[in-house]
> 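My questions all concern the structure below.
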Amino acid sequence: SVKRVENRVVKPIVNRVEIPVVIAPKTPSKLEPRIKELVSPLNAGLELLISVYTKYKTERKLPIFFMTIAGIMAILFGAGFLMQLSFSKLGIYQGVVKIGSGFAFAVVSMLVGSRLSKKGAAFEEYAAALISLGVILNYLMIYFLADLGNFPILSNAIFGFSLIFLNTIISIYFSLKYEAKLISVISLIGGAFTPFYLGEFTDGNLYFLYLWLLAVGTSYVAKKINWKSLNYVIFVVAFGTIEYIVFNHNPSITTYAIYFHLFAYTFFFLSLFDGLKL
């Protein structure tokens, strides 16, 4: 039988298909990985501490771990705070002996770090920390040299500046040899800011030249250890210290113009070139 449909419009049944809305993923921020890269040396040190803690906890030897930390703090306290009460019978020479002992401790720390670095990958971070400690102590002792009023040769600003330059070269050498990010950052910041403790810049000529050599040397380290973010740190440190010198020590216009252009073209080169390739 055939069914007749009169005066009726038969509409086809269409099933509605909901098209899913595809949301394009957000472009990842470039700032976060940069920040992580900058603080990676601190993260490495923290991870080392956590791994050591976990190891001792697993072996149920946590008392040894805490006694080790207490021993390190006791050594630092004794060598730092209590040392000022020692050598009192040496008279005017006690300051020289204290600073000399500090330099000796720094040298021993760097030598021990160098030896440990040859023991394998497990000791690399600890070795870098010891070398960094030696670099920091050297900068600190150079600062204390400026207070030796009874020994004008040792407290002379030029002599102290020469020691800073030597310590910077040594730290850059260790940064290249062991590819240690921590040492490279400490050598840059310590080298750039320690001269401020000496308090003598005159027209800033010597400091500007030293700062430029420090920036070039540290950028070379950044290239060799493949840590490009170090160039950002160099720029911030150089820019900040240059402006501080300009506003507080009033260098001549000619000096400022020459070195400002020298720094500018240096950072243009670092930004636009990879080696000699554009």
> Please find the pair of heavy atoms, one from Tyr178 and one from Ser117, that lie closest to each other, and give the distance.
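Here Tyr178 and Ser117 meet closest at CE2-OG, 2.9 Å.
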> How long is the straight-line distance from CD1 of Ile131 back to OG of Ser187, given to the nearest 0.5 Å?
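Going from the OG atom of Ser187 to the CD1 atom of Ile131 covers 12.0 Å.
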> Output the distance between atom OG (Ser175) and atom CD1 (Ile170), rounded to the nearest 0.5 Å.
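The distance works out to 11.5 Å.
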> Go through Leu163 and Asn167 one step at a time and tell me if the side-chain contact (heavy atoms from CB on, under 4.5 Å) criterion holds.
CA-CA 6 Å; Leu163 290 179; Asn167 193 48; over 6 Å; no
> Do Phe174 and Ser132 come within less than 4.5 Å of each other through their side chains, counting heavy atoms only?
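Of all side-chain heavy-atom pairs linking Ser132 with Phe174, none is under 4.5 Å.
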> Is the number of heavy atoms from other residues, nucleotides or ligands under 6.0 Å of Leu272 CG greater than 12?
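Buried by this count: over 12 neighbours within 6.0 Å.
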> Determine whether Phe208 and Ile258 make a side-chain contact, defined as any pair of heavy atoms from C-beta on separated by less than 4.5 Å.
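Not touching, per the 4.5 Å side-chain cut-off.
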> Just wondering, do Tyr256 and Ile242 contact through their side chains at under 4.5 Å, heavy atoms?
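Heavy-atom side-chain distance check passes, below 4.5 Å.
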> Between Asn231 and Phe267, what is the shortest heavy-atom contact and its length?
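The pair with the smallest heavy-atom distance is O-CE2, 4.4 Å.
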> Looking only at side-chain N and O atoms, does Thr168 offer a donor or acceptor that is under 3.5 Å from a partner on Tyr139?
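There is such a pair between these side chains.
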> So which heavy atom on Leu214 is nearest to which on Leu188, and how close?
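In this case the closest contact between Leu214 and Leu188 is CD2-O, 3.6 Å.
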> Look up atom CG in Leu111 and atom CG in Leu130, then write down how far apart they are to the nearest 0.5 Å.
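Output value for this atom pair is 11.0 Å.
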> Measure from the side-chain N and O atoms of Thr241 to the backbone N and O of Ala238, and report whether any donor-acceptor pair falls under 3.5 Å.
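Yes.
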> May I ask whether Tyr207 and Phe193 are part of the same hydrophobic cluster, defined by side-chain heavy atoms of I, L, V, M, F, W, Y residues being less than 4.5 angstrom apart, directly or through others?
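Shared cluster, yes.
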> Can you see which heavy atom on Ala215 is nearest to which on Ile234, and at what distance?
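Reported closest heavy-atom pair: CB-CG2, 3.6 Å.
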> Within a radius of less than 6.0 Å around CZ of Phe269, do more than 12 heavy atoms belonging to other residues, nucleotides or ligands occur?
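Correct, the count exceeds 12.
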> Between Val107 and Ile164, is there a shared hydrophobic cluster once you connect ILVMFWY residues whose side-chain heavy atoms come closer than 4.5 Å?
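Different hydrophobic clusters.
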> Do the non-hydrogen side-chain atoms of Leu176 and Tyr220 ever get within less than 4.5 Å of each other?
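Contact flag for Leu176/Tyr220 side chains = yes.
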> Considering only heavy atoms from C-beta outward, does the side chain of Tyr259 approach that of Leu211 to under 4.5 Å?
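The answer is no, as the side chains (C-beta and beyond) never meet within the 4.5 Å cut-off.
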> Tell me if the CZ atom of Phe151 is crowded by more than 12 foreign heavy atoms within 6.0 Å.
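Yes - once you tally the heavy atoms of other residues, nucleotides and ligands closer than 6.0 Å, there are more than 12.
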> I'd like to know if Tyr173 and Ile186 are part of one continuous hydrophobic network [Ile/Leu/Val/Met/Phe/Trp/Tyr, side-chain heavy atoms within less than 4.5 Å].
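Same cluster: Ile186 reaches Tyr173 through Ile, Leu, Val, Met, Phe, Trp or Tyr contacts under 4.5 Å.
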> With sequence neighbours left out, what residues match Lys224 under side chain to side chain donor-acceptor pair (under 3.5 Å)?
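By the side chain to side chain donor-acceptor pair (under 3.5 Å) rule, Lys224 matches no residue at all.
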> Using 30° and 60° as the class boundaries, would you call the ring planes of Tyr265 and His261 parallel, tilted or perpendicular?
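Correct class here is tilted.
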> Please confirm whether the backbone N or O of Phe105 pairs with a side-chain atom of Ser109, one donor and one acceptor, at under 3.5 Å?
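Flag not set: sc Ser109 to bb Phe105 has no pair under 3.5 Å.
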> In terms of hydrophobic clusters joined by side-chain contacts under 4.5 Å, are Tyr232 and Phe239 together?
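No; tracing contacts between hydrophobic side chains, which count when under 4.5 Å, never links both residues.
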> Minimum heavy-atom separation for Met110 to Asn138, with atom names?
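Minimum heavy-atom contact is CE-ND2, 3.4 Å.
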> How long is the span from the CD1 atom in Ile245 to the OG1 atom in Thr255, to the nearest 0.5 Å?
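It is 12.0 Å, given to the nearest 0.5 Å.
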> Out of curiosity, Lys181 NZ to Asn226 CG, how far, rounded to the nearest 0.5 Å?
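It comes to 8.5 Å.
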> Counting N and O atoms only, with roles assigned by atom type, does the side chain of Tyr210 sit under 3.5 Å from a partner on the main chain of Gly191, one being a donor and the other an acceptor?
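It does hold such a pair.
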> Would you compute the distance between atom OG of Ser171 and atom CD1 of Ile183 and round it to the nearest 0.5 angstrom?
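One finds 8.5 Å between OG of Ser171 and CD1 of Ile183.
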> Do Trp227 and Ser184 get their side chains close enough for a donor-acceptor pair, meaning under 3.5 Å?
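Note: Trp227 and Ser184 side chains miss the donor-acceptor criterion.
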> If hydrophobic clusters are built from ILVMFWY residues whose side chains come within less than 4.5 Å, do Leu154 and Leu166 share one?
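Yes, because Leu154 and Leu166 connect within a single hydrophobic cluster, where side-chain heavy atoms sit under 4.5 Å apart.
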> Shortest non-hydrogen contact from Ile142 to Gly160?
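Taking Ile142 first and Gly160 second, the nearest heavy atoms are CG2-O, 3.6 Å.
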